[in-house]
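Excluded from the calculations below are hydrogen atoms, water molecules and symmetry mates; all remaining heavy atoms, backbone and side chain alike, are included.
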Amino acid sequence: MDKKVPRRPEEVEADNYIYGFQMPGNGTKQCIEEYGDGEKVKVYEELSLRLNYSGPLYCADLLSGLIQDRSKALVLDVGAATGWLGEELHKRGFRKIVAHDGAQAMLDICREKNVYSSFICSIVDEGYKFPEKTDTYDAVTISGAVCENHLPPSCQIELIRITKPGVGFNSHYIKVYFPRFIIHAYRTTVLNLDYGRAWENEAKRLVSEMKWTLYGRLMAPGYSKIVEGYVDIYKVNQR
């Protein structure tokens with residue numbers, strides 16, 4: 001839901017610019033073309049700063065509380081944009097962070113941040129297969145890319161596939177379990193759209209098939225100066 005506070009015209013203007021990339025009907029190809037413009041990407045980052053966009057902070061804080069050996073954990077940042085989430089993960093001790101985005105202009109800025117270990121430029125569309133092998137990552141993070149024209153609902157099974165399943169074993173008669181997580185932050189208003197309902201339906205289907213488990217959904221107050229957010233945490237199940 002929208003925040004019940006006065007909105008400054010410049011903040012509304014900034015949010016309208018950013019939301020313009022998510023307008024239904026534009027399609028993935030047009031969105032990537034827009035993000036491929038280096039000047040527009042700079043404006044995108046500047047306006048996101050103006051709005052105090054905090055999705056990356058929520059994702060990084062939650063993941064750092066779930067993973068103990070952060071320096072060794074391999075994390076995929078899907079829809080990395082200009083690298084804010086990577087920066088926040090790096091501040092919290094993560095050192096093996098892979099940036100994924102469909103626009104090379106975004107990844108060029110990510111590279112300048114000096115926090116990512118590698119980069120993947122590929123467009124996620126219907127029927128897309130991530131180039132990584134099954135069971136590659138210890139965690140996947142997404143901030144702001146669960147929206148129209150960015151990640152299709154059908155990609156969720158791929159996120160599960162490339163994430164290592166939770167593992168358990170006995171050590172000196174003590175059962176030890178290491179869960180693996182997929183975390184994504186997004187506007188609460190996404191769930192009011194056909195896209196959001198389709199994402200939710202697919203997520204629930206995968207829960208029913210025991211591919212993953214909803215570990216928690218948290219409110220993200222102050223997701224930006226304009227809207228609130230949610231953060232969903234999914235635990236990938238043993239296969």
Side-chain angles (χ1 to χ4, degrees), residues 8-60 75-91 94-126 128-132 137 140-152 155 158-159 162 183-187 189-190 195 223-227 229:
R8 296 178 180 178
E10 64 270 21
E11 293 171 354
V12 174
E13 182 182 4
D15 188 66
N16 287 341
Y17 180 89
I18 292 172
Y19 184 70
F21 295 100
Q22 306 174 24
M23 291 297 293
N26 287 353
T28 303
K29 184 177 180 181
Q30 180 178 332
C31 180
I32 294 301
E33 288 177 355
E34 295 285 328
Y35 282 141
D37 185 325
E39 291 304 313
K40 287 187 177 181
V41 169
K42 291 178 182 178
V43 173
Y44 174 92
E45 183 169 44
E46 178 185 337
L47 296 182
S48 296
L49 282 168
R50 185 186 300 175
L51 290 170
N52 288 345
Y53 170 51
S54 59
L57 279 75
Y58 279 105
C59 287
V75 181
L76 178 66
D77 181 14
V78 176
T82 57
W84 286 4
L85 181 46
E87 287 185 294
E88 295 301 326
L89 289 170
H90 193 269
K91 289 176 185 177
F94 292 91
R95 292 296 179 266
K96 298 170 66 177
I97 314 166
V98 178
H100 170 281
D101 203 274
Q104 187 58 51
M106 289 287 196
L107 292 178
D108 289 342
I109 294 181
C110 284
R111 194 180 299 274
E112 295 173 1
K113 303 293 176 68
N114 294 317
V115 297
Y116 291 100
S117 56
S118 59
F119 305 85
I120 301 170
C121 185
S122 61
I123 298 175
V124 181
D125 212 338
E126 292 293 341
Y128 173 83
K129 297 291 185 182
F130 279 90
E132 292 87 344
Y137 294 98
V140 172
T141 57
I142 311 168
S143 184
V146 174
C147 56
E148 193 85 34
N149 310 323
H150 290 62
L151 298 176
C155 81
E158 273 292 286
L159 298 176
I162 63 176
I183 297 178
H184 63 90
Y186 56 100
R187 296 168 175 248
T189 51
V190 166
Y195 168 89
Y223 180 82
S224 82
K225 289 183 178 180
I226 297 295
V227 296

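Pairing each heavy atom of Glu34 with each of Phe21, the nearest pair is CB-CE2, 3.5 Å. Residues Asn149 and Gly27 come closest through the heavy atom pair OD1-N, 3.0 Å. In terms of heavy atoms, Ile120 sits closest to Pro131 at CG2-CG, 4.1 Å. The two atoms that bring Gly20 and Asn26 nearest to each other are O-ND2, 3.3 Å, heavy atoms only. For Val146 against Val190, the heavy-atom pair with the smallest separation is O-CG2, 3.7 Å. Minimum heavy-atom separation, Tyr128 to Ile123: CD1-O, 3.0 Å.
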Just list the side-chain donor-acceptor pairs under 3.5 Å for residues 98-111, sequence neighbours left out, or say none.
residue, atom, partner, partner atom, Å
His100, NE2, Ser122, O, 3.3
His100, NE2, Ser122, OG, 3.1
Asp101, OD1, Ala103, N, 3.0
Asp101, OD2, Ala80, N, 3.4
Asp101, OD2, Ala81, N, 2.9
Gln104, NE2, Asp108, OD1, 2.9

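Between the side chains of His150 and Tyr195, no donor-acceptor pair of N or O atoms lies under 3.5 Å. Using modelled atom types, one finds no donor on one side chain facing an acceptor on the other under 3.5 Å when comparing Tyr58 with Ser143.
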Chi angles and distances behind the side chain to side chain contact (heavy atoms under 4.5 Å, CB included) call for Arg187, Asp15:
CA-CA 12 Å; Arg187 296 168 175 248; Asp15 188 66; 2.6 Å; yes

Worked check of side chain to side chain contact (heavy atoms under 4.5 Å, CB included) between Trp84 and Leu49
CA-CA 10 Å; Trp84 286 4; Leu49 282 168; 3.4 Å; yes

Show your reasoning for whether side chain to side chain contact (heavy atoms under 4.5 Å, CB included) applies to Tyr19 and Ile226.
CA-CA 11 Å; Tyr19 184 70; Ile226 297 295; over 6 Å; no

Mind running side chain to side chain contact (heavy atoms under 4.5 Å, CB included) on Glu132 and Leu76 for me, showing each step along the way?
CA-CA 10 Å; Glu132 292 87 344; Leu76 178 66; 4.2 Å; yes

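Here Thr82 contributes atom OG1 and Glu87 contributes atom CD; the two are 7.5 Å apart, rounded to the nearest 0.5 Å. Atom CD of Glu11 sits about 8.5 Å away from atom OG of Ser224, to the nearest 0.5 Å. Interatomic distance, CD1 of Ile18 versus CZ of Arg50, reported as 9.0 Å (0.5 Å rounding). Rounded to the nearest 0.5 angstrom, Tyr137 OH and Ile97 CD1 are separated by 12.0 Å. Here Thr141 contributes atom OG1 and Asp77 contributes atom CG; the two are 4.0 Å apart, rounded to the nearest 0.5 Å. Between the CG atom in Leu89 and the CG atom in Leu57 there is a gap of 10.0 Å [rounded to 0.5 Å].
Side-chain atoms of Tyr44 never come within 3.5 Å of backbone atoms of Tyr35 as a donor-acceptor pair (strictly under, hydrogens ignored). Not one N or O on the side chain of Glu148 forms a donor-acceptor pair closer than 3.5 Å with the backbone of Pro24.
No side-chain heavy atom of Ile142 sits less than 4.5 Å from a side-chain heavy atom of Tyr186.
The existence of a salt bridge linking Glu88 and Lys91 is confirmed by a sub-4.0 Å separation between a basic side-chain nitrogen and an acidic carboxylate oxygen.
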